[in-house]
Protein chains: 2
Amino acid sequence: MTLEDITEQLQRARALEDLQVITEQLRDFYTITHIVYHWVNSIGERFGAGTYSTDWVDRYLEKDYLRMDPVIFGCLQRFNPVDWKQLDWSTKPARAFLKEAIEFGVGNQGYTIPIRGPNGQFALFTASHHSSDLEWEAFIQANARDLMIIAHEFNKKALEFENKTETMPVPTLSPRELMAMTFLAKGFSRAQAADELQISEHTLRVYIEAARHKLGALNTTHAVARALSSGVIVV
Amino acid sequence: MTLEDITEQLQRARALEDLQVITEQLRDFYTITHIVYHWVNSIGERFGAGTYSTDWVDRYLEKDYLRMDPVIFGCLQRFNPVDWKQLDWSTKPARAFLKEAIEFGVGNQGYTIPIRGPNGQFALFTASHHSSDLEWEAFIQANARDLMIIAHEFNKKALEFENKTETMPVPTLSPRELMAMTFLAKGFSRAQAADELQISEHTLRVYIEAARHKLGALNTTHAVARALSSGVIVV
DNA sequence: TCCTGGCTCCCCATTTTTGGGGAGTAGCAA
DNA sequence: TTGCTACTCCCCAAAAATGGGGAGCCAGGA
C-alpha cells in the first residue's frame, strides 16, 4: 500500500471510522509507533482517531490531562509543527505525564502539527515513535511536508463530517449593523459608538437589536461573540 | 530560478521587504498575473506583500473593501483553499467589486488559501491570473500542494517578524476566569453563569474583572471579543 | 405602483452591569 | 516561613443596557 493509495482513501472517507482505519494504515506505512488525529470542534467537543491504546485514551480523559499536556499547550501557541523535544518539560507534572505516557506505549519521540479551522476549530495531528533522536530527526526531515498535507486532509474530512450535521447559515448584517457590532467589539460603549457613527444612541440600539436577532444571540456580548467567531466582523 | 531556490530564499528572509521580492519571483516562476500574501495580525493591523498594483491596494484600503470582499468573507468561514469561482458573487456590490478589481489588473481567476495562526491570527495567500476556467483548473490541480506549503512558509515568516517587534503577550487566564469568559461568550448573563459555575454572582464578577484587566479590555463585551480573537477561549 | 428593507429618531420603566472598596481560605514554591 | 496566586464572599451607588412601544424617509425590486 503506497502513500498515494492512503491519501486517496482518505479523500474518499465517509465517516469517522474511516479516519481511524487510515491512521493505522499510515502507521504501518511509515513503520512508526503511532499516528493520531485529535480534534476539538467549535463547540468544545473532542474527538480523536488514532493508534493509541484505549487504556491510554481513557486514562488521558479521566485524568483531564488535556489541561496540562505540554503538547496541547505548546501547539496552541505555535504555528509551526513541533518536535516534542522542543517543548517545555521542566515542570514536575509535565515530566510525570511524559513518563506515564511512555509507560502506556506512546513513543518517546513525537512530532505534532497544529491545525486551525474557522470558528476557532483546532486540531492536532501527531506522529510518534520509539527511536533515537537522530533517527527521528531524519524521519521528520524526510516526511514533514507529506505529514502536513495529510494532516490537512484529515482536518478537511473532520470539518466535512461536522458540517453535515449542524450548520446555521451565517446571517447578513447591514453596513450599519456591522459598524455597530464592530465598535462594540472594540470596546466602545453604546454612547461612544453612537457618537463615532454620528447617530443617536437610540438609533444605534436599533442596529444592535437587529444584529442580535439576526445572529440569534441572547444579549449584546453574545451577539459580538457570534459575529466574531462566524467571521461576520473582524476586529 | 527554480521553485527550490525560491523556497530556500523564503526561508532566509529577514524582513517584510524580502517577502515582497519573493512574491514577485513566484509570480514570474509560475508565469501568472499575481501572487499576494495578506495578513491581519492579532491586534487588527494589516500588512501585505504582493504584486497587486499600488493603485489597487490604495483603492482597496480607501474604500474599505475589506468589509465586503467575498474572498475575505469566504476564507474566514472555510478551511480549504478556495477558487474564486466557488464564492458567492450574487450580490450587487460583490459584482461591482469584482469588476473594479479586474479593471485594476487583478486576474479574473483566483485561488486563495486561508491560513490561521495562534491568537486568532489570520492570513490569505492568493494566486491570481488572467485565463480561461480550464487553464486555471489545470494550474491549480498541478500546484495546489506546493502553493499550500509556500503559503505556510510565508506565514511562518510573518509570525517570526511580528514576534521580533511587538507582542502583547497573551495573558494567561485562570481556569475560573476562562470559564467565566466562556459562559459570557455563550450568551449567559452573569447571574446564569454564576449559577452554572455554582458560585455567587459576586465571585463571578471578580473573575470577569480580573479577566478584563488581564486582557486590557474596556468592558465585558470587549474582554470577550479579545479573548475570542486571541484564541484564549473558544466557543 | 406598492412593498420591503435599511436608516433615522423618540418615549418609558426595569433589569443588569460596572467601579470602587474590603476580607478570608487554600495551595504551591522559593 | 513568607510570599504569591487562585478562589470565594460581601456592600453600595451610579451608569449602562434591555425590552417594549411608535413613526417618518428613501431607495430599489416585484
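Residue numbers start from 1 in every chain, and the chains themselves are labelled A, B, ... in the order their sequence lines are given, proteins ahead of strands.
By the 4.5 Å heavy-atom criterion applied to side chains, B:W84 and B:T112 are counted as neighbours. Looking only at side-chain heavy atoms (C-beta outward), A:I113 and A:H152 stay at 4.5 Å or farther from each other. Between B:W89 and B:P70 there is a side-chain heavy-atom pair separated by less than 4.5 Å. For the pair A:H38 and A:T126, the minimum side-chain heavy-atom distance is 4.5 Å or more.
Rounded to an integer number of Å, the gap from CD of B:E177 to P of D:dA6 is 6 Å. In this structure, the CG atom of A:L204 is 11 Å from the P atom of D:dT18, given to the nearest Å. At whole-Å resolution of the value, CG in B:L173 and C1' in D:dT5 are 14 Å apart. Residue A:L197 contributes atom CG, which lies 12 Å from atom C1' of C:dC7 at whole-angstrom precision. One atom, CZ of B:R176, and another, C1' of C:dG27, lie 16 Å apart when rounded to the nearest Å.
Within the 4.0 Å cut-off from OP1 or OP2 of C:dT8, at least one side-chain nitrogen or oxygen of A:Y207 is found. Distances shown here put a side-chain N or O of A:S174 below 4.0 Å from the OP1 or OP2 atom of C:dC7.
Between the side chain of B:R116 and the backbone N or O of B:L76 there is at least one donor-acceptor pair closer than 3.5 Å. Here the side chain of A:T182 pairs a donor or acceptor atom with the backbone of A:L178 at under 3.5 angstrom. When atom types are taken as modelled, the side chain of B:Q77 and the backbone of B:G74 share no donor-acceptor pair closer than 3.5 angstrom.
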Atom pairs, N/O to N/O, protein against nucleotides 23-30 of chain D, distance under 3.5 Å?
unit_1: D:dG29; atom_1: OP1; unit_2: B:K92; atom_2: NZ; d: 3.1

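Contact check on A:K99 versus A:E103 returns a salt bridge, with a Lys/Arg side-chain nitrogen under 4.0 Å from an Asp/Glu carboxylate oxygen.
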* Begin with the C-alpha distance, continue with both residues' side-chain angles, and end with the deciding distance and a verdict on ring pair (Phe, Tyr, Trp, His ring centres under 6.0 Å) for A:Y52 and A:H34. => CA-CA 7 Å; A:Y52 285 161; A:H34 291 295; 4.8 Å; yes

* To do: Kindly determine whether A:T33 and A:H129 satisfy side chain to side chain donor-acceptor pair (under 3.5 Å), including the steps that lead there.
  => CA-CA 5 Å; A:T33 316; A:H129 194 39; 2.9 Å; yes

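Across the helix from C:dT1-D:dA30 to C:dA30-D:dT1, the helix axis at one end is tilted relative to the axis at the other end by 60° (nearest 10 degrees, each axis from five pairs).
In summary, the side chains of A:T23 and A:T51 do not present any donor paired with an acceptor at a separation below 3.5 Å, with no hydrogens or angles considered.
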* Structure fact -> Letter by letter from the 5' end, nucleotides 9-25 of chain C scores (B base, S sugar-phosphate only, - none; protein heavy atoms under 4.0 Å) BB-B----BBBB-----

